[in-house]
> 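Mind having a look at this structure? Questions to follow.
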2 protein chains.
Amino acid sequence: MTTLPGMADEELLRLDQQICFSLNAASRAFGGVYRVLLRDLGLTYPQYLVMLVLWEDGELPVKRIGERLRLDSGTLSPLLKRLETAGLVRRERSQEDERSVTVTLTAEGSALRGRAGQVPRRLLAATGLPVEDLAALRELLDRVTVALDSADVEPAP
Amino acid sequence: MTTLPGMADEELLRLDQQICFSLNAASRAFGGVYRVLLRDLGLTYPQYLVMLVLWEDGELPVKRIGERLRLDSGTLSPLLKRLETAGLVRRERSQEDERSVTVTLTAEGSALRGRAGQVPRRLLAATGLPVEDLAALRELLDRVTVALDSADVEPAP
DNA sequence: CGCAATTGAGTTGTGCGCAATTGAATAGCG
DNA sequence: CGCTATTCAATTGCGCACAACTCAATTGCG
């Protein structure tokens with residue numbers, strides 16, 4: 001792993017600041033636009049993510065949803081409970097394995113897909129970037145994610 | 001605003017999905033590395049951001065901190081109270097303007113800067129990307145942030 | 001088979017982000 | 001000058017992320 005030899009800690013402190021600021025700002029900016037786009041559907045952004053995977057697969061165990069979205073039960077359990085209260089989803093213990101809970105779309109949940117149809121187009125338009133740039137952005141993000149996930153950072157400085 | 005005319009809603013749904021996944025994953029990956037690096041200092045990542053701006057300026061009113069980090073009082077008030085409890089920071093009402101609260105580093109807070117010196121270097125190394133790629137990433141993130149912030153998305157789909 | 005280890009959901013507690021509101025201090029206008 | 005509008009911090013309420021834990025069901029090993 002490169003140690004960035006030619007730079008003083010002071011400079012790095014600033015560069016570091018810029019990178020985390022940029023990522024943070026972008027993340028919050030996306031969140032803000034999604035919030036507006038989804039308000040009408042009564043969904044938050046993480047709830048929208050869950051609905052996306054359910055719209056693809058119809059029904060899934062909680063475990064699979066968590067794997068797809070990298071969310072744990074501490075996040076999913078209350079979130080799914082809210083989706084159930086909203087009438088979009090049903091939760092039932094699996095019969096083959098009583099530990100597992102299967103999440104199924106209700107008719108209302110499936111119907112919501114139609115109303116969500118314009119969300120991606122409007123979001124991509126709001127980014128103001130051509131599709132090629134978005135692809136480049138995604139590629140960089142994925143590379144940095146893989147590296148960060150596999151970098152085992154030692155706790156002690 | 002362009003409507004990305006040549007693509008079906010289905011394709012856009014996937015692209016949209018991929019982009020939010022990637023951004024989400026990157027954000028969480030950064031968070032995880034920062035968490036490990038900062039554990040020792042007793043700081044969370046947002047607390048670290050506040051310390052960064054204080055290390056630069058020594059003392060700042062809450063308002064200015066919020067402007068720099070784009071955080072509102074609902075986030076900053078309890079966060080600063082925790083930093084004060086940890087002994088890193090003092091909070092005092094300004095005398096010129098009694099509405100304003102000035103946040104000042106304590107000796108302990110200033111001293112923490114030394115121990116944080118290796119954090120940026122270690123973080124940048126963990127990204128596994130050359131500095132030019134990180135600059136490109138930052139540039140794309142900033143562009144998309146500006147666009148998203150200035151795009152006034154209409155609430156109704 | 002029987003018991004320990006693992007797995008899957010759920011719960012609790014802490015901290016952050018955002019919206020909406022409160023309350024006090026200041027600024028600005030008539 | 002006096003009243004209204006604005007500004008600043010703090011608070012409340014909700015939802016999410018993460019860690020640590022509980023508990024039941026299942027797996028697997030001796």
Side-chain angles (χ1 to χ4, degrees), chain A residues 20-21 23-36 38-39 41-51 60-67 69-86 89 91-103 149 155, chain B residues 20 23-36 38-39 42-51 60-67 69-86 89 91-103 149 155:
Chain A
C20 36
F21 278 22
L23 190 77
N24 237 23
S27 190
R28 291 175 53 247
F30 267 98
V33 172
Y34 269 115
R35 192 170 305 115
V36 176
L38 295 174
R39 181 158 302 154
L41 307 179
L43 293 177
T44 66
Y45 173 62
Q47 288 167 9
Y48 172 69
L49 294 182
V50 171
M51 293 303 287
L60 281 171
V62 173
K63 185 73 194 313
R64 293 270 162 278
I65 298 176
E67 285 169 0
L69 305 179
R70 300 179 189 274
L71 297 175
D72 67 358
S73 65
T75 301
L76 279 177
S77 287
L79 188 156
L80 291 169
K81 209 175 285 186
R82 282 186 283 272
L83 288 181
E84 188 173 42
T85 303
V89 135
R91 293 185 304 152
E92 307 163 308
R93 291 263 156 207
S94 163
Q95 284 159 1
E96 306 93 59
D97 186 341
E98 292 265 334
R99 294 171 301 182
S100 176
V101 169
T102 301
V103 181
D149 278 344
Chain B
C20 35
L23 191 77
N24 239 24
S27 192
R28 289 179 54 248
F30 267 98
V33 173
Y34 269 116
R35 192 171 303 117
V36 176
L38 296 174
R39 180 159 303 154
L43 294 176
T44 67
Y45 173 61
Q47 288 166 9
Y48 172 69
L49 294 182
V50 170
M51 294 304 286
L60 281 171
V62 174
K63 183 76 193 309
R64 294 271 162 277
I65 299 177
E67 286 169 358
L69 305 179
R70 298 177 191 277
L71 296 175
D72 68 358
S73 65
T75 300
L76 280 177
S77 287
L79 188 155
L80 291 169
K81 208 175 288 185
R82 283 186 282 271
L83 289 181
E84 188 173 43
T85 303
V89 137
R91 293 184 305 149
E92 307 164 308
R93 292 261 156 209
S94 163
Q95 284 159 3
E96 305 93 59
D97 187 340
E98 293 264 334
R99 293 170 303 181
S100 178
V101 168
T102 301
V103 181
D149 278 345

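Quick note on labels: first sequence line is chain A, next is B, and so on, each numbered from 1. Only this structure's heavy atoms are used, side chains among them; waters, hydrogens and symmetry mates stay out.
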> Do other residues, nucleotides or ligands put more than 12 heavy atoms under 6.0 Å from the CZ atom of A:R70?
no
> Could you pull out the closest heavy-atom pair between A:Y48 and A:L43, with the gap in Å?
CA-CD1, 4.1 Å
> Using whole Å, what does the distance between atom P of nucleotide C:dG17 and atom CZ of A:F30 come to?
18 Å
> Answer yes or no: is there an ion pair linking B:E67 with B:R64, defined by an N-O contact shorter than 4.0 Å?
yes
> What does A:T44 touch in the nucleic acid at a heavy-atom separation under 4.0 angstrom: a base, only the sugar-phosphate, or nothing?
sugar-phosphate
> Output the single nucleotide from D:dA25, C:dA25, D:dA9 whose closest atom is nearest the side chain of B:D97.
C:dA25
> If you look at every strand shown and take non-hydrogen atoms under 4.0 Å, does B:L76 touch a base, only sugar-phosphate, or nothing?
nothing
> Output the rounded distance in Å from CG (B:L69) to C1' (C:dG15).
16 Å
> Using a cut-off of 4.0 Å on non-hydrogen atoms, how would the nucleic acid contact of B:S100 be classed: base, sugar-phosphate, or nothing?
sugar-phosphate
> Rounded to the nearest angstrom, tell me the gap between atom CD in B:Q47 and atom C1' in C:dG15.
8 Å
> Output the single nucleotide from C:dT26, C:dA9, D:dA10 whose closest atom is nearest the side chain of B:S77.
D:dA10
> Return no unless some side-chain N or O of A:R28 is found under 4.0 Å from OP1 or OP2 of C:dC18.
yes
> Between the base of D:dA10 and the side chain of B:S73, is one N or O donor paired with an acceptor at under 3.5 angstrom?
yes
> Could you give the CG-to-P distance, from B:D149 to C:dC18, as a whole number of Å?
11 Å
> By the 4.0 Å heavy-atom rule, please label A:E96 as base, sugar-phosphate, or nothing.
sugar-phosphate
> Measure the distance from CG on A:L79 to C1' on D:dC14 and round it to the nearest whole Å.
13 Å
> Hey, which sits more toward the 5' end of DNA chain D by its nearest nucleotide, A:T75 or A:Q95?
A:T75
> Under a 3.5 Å cut-off for both distances, is D:dC29 Watson-Crick or wobble paired, and to whom?
C:dG2
> Using the rule given for side chain to side chain donor-acceptor pair (under 3.5 Å), can you reason through A:S27 versus A:N24, listing the C-alpha separation, both sets of side-chain angles and the distance that settles it, and then say yes or no?
CA-CA 5 Å; A:S27 190; A:N24 237 23; 5.9 Å; no
> Check whether any side-chain nitrogen or oxygen of B:K81 sits under 4.0 Å from OP1 or OP2 of D:dT11, and answer yes or no.
yes
> Give a yes/no answer on whether the side chain of A:R35 brings an N or O atom under 4.0 Å of OP1 or OP2 in C:dA19.
yes
> Please report the distance, rounded to the nearest Å, between CZ in A:R39 and P in D:dG15.
14 Å
> Mapping A:D72 and A:R99 onto DNA chain D by nearest heavy atom, which one lands closer to the 5' end?
A:D72
> How long is the line joining CZ of B:R64 and C1' of D:dA9, in whole Å?
14 Å
> Taking a pair as Watson-Crick or G-U wobble with both distances under 3.5 Å, which nucleotide is matched to C:dT26?
D:dA5
> C:dT11 P sits how many Å from A:L80 CG, rounded?
12 Å
> With a non-hydrogen cut-off below 4.0 angstrom, is B:R91 in contact with a base, only sugar-phosphate, or nothing?
sugar-phosphate
